[in-house]
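Chain identifiers are assigned alphabetically (A, B, ...) following the order of the sequence lines, protein sequences preceding nucleic acid strands; residue numbering begins at 1 within each chain.
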There are 2 protein chains.
Amino acid sequence: MVVTTPKHSGHEHPRPRSAAVVDDIVAQLCDLGYRDTEPRRLVISAVAAQSRPFTAEELCSALPCVGRATVYRGLRLLVETDQVCRVLLEDRELRYQLSHQGHHHHLLCAVCGASADLEGCDVEEMLRDAAATAGFKMSGHWLEVYGRCGECAED
Amino acid sequence: MVVTTPKHSGHEHPRPRSAAVVDDIVAQLCDLGYRDTEPRRLVISAVAAQSRPFTAEELCSALPCVGRATVYRGLRLLVETDQVCRVLLEDRELRYQLSHQGHHHHLLCAVCGASADLEGCDVEEMLRDAAATAGFKMSGHWLEVYGRCGECAED
DNA sequence: GACCATAATGATACTCCGTCTCGGAGATTA
DNA sequence: TAATCTCCGAGACGGAGTATCATTATGGTC
Ligand SMILES: [Zn+2]
Ligand SMILES: [Zn+2]
Ligand SMILES: [Zn+2]
Ligand SMILES: [Zn+2]
């Protein structure tokens, strides 16, 4: 049950954009051997419906019919499969958002909570070199940038 | 009570280096209006005695005679006054270590837990520019770099 | 469709980390 | 000495995430 993908649907009502995203993610999970279940789809579509980085608890209350553990499990699965990425706020609160794939970092607005991907920034090289100077072989890093987005900028 | 600073101590036995560090920190706190108390000194000297980044709980068990709340309060005070900095491990575990003052980042060995300050790395500029490109005004950032230290490096 | 192995679910208990509360003990000042 | 204030410690509390485990749903096979 649940919305099945109408492959060649002529001129029916188009489903909301997010539905396509959900189908897409579910398909990728299936390829990896994970089942297509209703609670999982609910979690994924709730994730896709968010417009800003959200917390796991927010997702739980947006999905009162899905068990808390299931929401957390779904979220973890999405992170592990790179569909969702985690961002860390200045107060160390952990939030999630749909990933645009590939390694990247986020700009987070401290006022409205908006997030943008950090483009045109090649820290990796620089960090690797600096690490080497200290005798370290870099294997990873965590970077979050905070500030105010265009809309929240003032004075 | 408690070790007082022997200003001009002739040729007595030198106290452990860390004692000087403790006195120094306590003095700075006093300047800020905080009292010089025994539990506080115990916390500070336990901090100074650590050779690697440590967790709050580790500190608690290293100080069985000091209340848990007091250890946490002391730690928080030290962070707020910039005497101690916080580092975040890859699994998001929070650890602490004596600060070398000023804004800087850390290199953390994923094997032995050693930490080194990241020198000669000017990410700030780069981040600020990249943020501006996205219409953000950067106000802060969090960066941790993970890898293997020289001793733990292998093939 | 029926059957089955097993992946997934959800209620709930639990752990972990850190903060709050509050009565009491010292310091500090008047 | 009395009043005030910081600090202390025991323990209650709260939020976030995980573990447990009986039950259910899924997807492949016949
Ligand atoms: Zn990066
Ligand atoms: Zn904003
Ligand atoms: Zn920096
Ligand atoms: Zn190491």
Filtered N/O pairs between nucleotides 3-7 of chain D and protein, under 3.5 Å:
residue : atom : partner : partner atom : Å
dT6(D)  : O4'  : R35(B)  : NH1          : 3.4
dT6(D)  : O4'  : R35(B)  : NH2          : 3.2
dT6(D)  : O2   : R35(B)  : NH1          : 3.1
dC7(D)  : OP1  : R35(B)  : N            : 3.3
dC7(D)  : OP1  : R40(B)  : NH2          : 2.5

Quick one: side chain to side chain contact (heavy atoms under 4.5 Å, CB included) partners of [X], sequence neighbours excluded?
X	result
A110(B)	E90(B)
C112(B)	R52(B), C109(B), A114(B), C149(B), C152(B)
D129(A)	none

Whole angstrom value for the distance that separates [atom2] of [N] from [atom1] of [X]:
X	N	atom1	atom2	value
L59(A)	dG17(D)	CG	P	12 Å
L75(A)	dA16(D)	CG	P	13 Å
L63(B)	dG9(D)	CG	P	10 Å
Y72(A)	dT18(D)	OH	P	8 Å
L32(A)	dA7(C)	CG	C1'	15 Å
R76(B)	dC17(C)	CZ	P	17 Å

- Give every residue pair that meets the ring pair (Phe, Tyr, Trp, His ring centres under 6.0 Å) criterion with at least one member in residues 125-148 of chain B, sequence neighbours excluded. H103(B)-H141(B), H105(B)-H141(B)

- Item | ring pair (Phe, Tyr, Trp, His ring centres under 6.0 Å) pairs, two or more places apart, involving residues 17-76 of chain A |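 The answer is none; no pair qualifies.
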
- Message: Could you walk me through whether V123(B) and L143(A) satisfy the side chain to side chain contact (heavy atoms under 4.5 Å, CB included) test, starting with their C-alpha distance in whole Å, then the side-chain angles of each, then the deciding distance to 0.1 Å, before giving a yes or no?
- Response: CA-CA 11 Å; V123(B) 263; L143(A) 170 62; 6.0 Å; no

- Note on the structure: Applying side-chain hydrogen bond (donor to acceptor under 3.5 Å, both in side chains) to E93(A) and not counting sequence neighbours gives R95(A)

- Using side-chain hydrogen bond (donor to acceptor under 3.5 Å, both in side chains) as the criterion, list what pairs up with T37(A), not counting sequence neighbours.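 Result, side-chain hydrogen bond (donor to acceptor under 3.5 Å, both in side chains) vs T37(A): none returned.
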
- Item | Contacts of R128(A) that satisfy salt bridge (Lys or Arg N to Asp or Glu O under 4.0 Å) - sequence neighbours left out |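 Here no residue qualifies.
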
- Task: Name the nucleic acid region contacted by C30(A), choosing base, sugar-phosphate or nothing; use a 4.0 angstrom heavy-atom cut-off, strictly under.
- Result: nothing

Validation: residues 73-82 of chain B side-chain donor-acceptor distances under 3.5 Å, sequence neighbours left out:
residue : atom : partner : partner atom : Å
T81(B)  : OG1  : L77(B)  : O            : 2.9
T81(B)  : OG1  : L78(B)  : O            : 3.3

- Message: Within residues 79-98 of chain B, which residues have any heavy atom lying less than 4.0 Å from an atom of DNA chain C?
- Response: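 Here the set is L94(B).
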
- Sub-4.0 Å heavy-atom contacts from residues 42-53 of chain A onto DNA chain C, ordered by number: none

- Message: Would you call the rings of H104(A) and H100(A) parallel, tilted or perpendicular, taking 30° and 60° as the class edges?
- Response: parallel

- Message: Looking only at the side chain of A69(A) (C-beta and beyond, no hydrogens), which of the listed nucleotides dT19(C), dA19(D), dA10(D) gets closest?
- Response: dA19(D)

- Message: Is it the case that the base of dG9(D) and the side chain of R68(B) share a donor-acceptor contact (distance under 3.5 Å, atom types as modelled)?
- Response: no

